[in-house]
Amino acid sequence: EVCVFEANGRVGGRVYSLHHLPFADDLVVDAGAYRFISNDELPAQLVWQALKLPTACYDWQCSGQCEGPHECYIIKDAYGNNLGYSWPIEVMLGQLEDAGKGTQVH
């Protein structure tokens, strides 16, 4: 059984991804965290192995110079648009709801 607590009506904590903006429906703007480092095991394993989400290097050259000698990544959709750093959380909660294992309570 899984129980997720949030302080308000959205998930993500300090991460806030703005979706469906009136002037650009396909644009996502992140406030707070927006990338993860390849050697940060928890986000990397969650994004790449558990959820198999598409990513792209944060640095356009993918030079491995982000936060030291490591590469930073952002989560993308099939068209290369930023999905937002809160997307993995939204995907997991959606999977729980789809499986009948969770209900949103406000």
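As the structure is a computational prediction, the values presented were derived from the model and not from experiment.
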Rounded distance (nearest 0.5 Å) linking atom OH of Y73 with atom OG of S38: 5.5 Å

Closest approach of Y85 and R35, non-hydrogen atoms and distance? CE1-O, 3.4 Å

Roughly how far, to the nearest 0.5 Å, is the CG atom of L46 from the CD atom of Q49? 10.0 Å

Crowding at CD, E41 (>12 non-hydrogen neighbours, <6.0 Å): no

Is there a side-chain contact between I74 and T55, using heavy atoms and a 4.5 Å cut-off? no

The reported gap from CG in N39 to NE2 in H70 (rounded to nearest 0.5 angstrom) is 3.5 Å

Parallel, tilted or perpendicular, as decided by the 30° and 60° cut-offs, for the rings of W48 and F36: perpendicular

Please say yes or no: joined through hydrophobic side-chain contacts below 4.5 Å, possibly via intermediate residues, are Y58 and I37 part of one cluster? no

Nearest 0.5 angstrom please: E71 CD to D59 CG, how far? 8.5 Å

D40 side chain to P43 backbone, donor-acceptor under 3.5 Å: no

Report yes if the SG atoms of C72 and C66 are separated by under 2.5 Å, and no otherwise. yes

The reported gap from CG in L51 to CD1 in I75 (rounded to nearest 0.5 angstrom) is 8.5 Å

Please report the closest heavy-atom contact between A56 and K76, naming both atoms and the distance. CB-CG, 3.7 Å

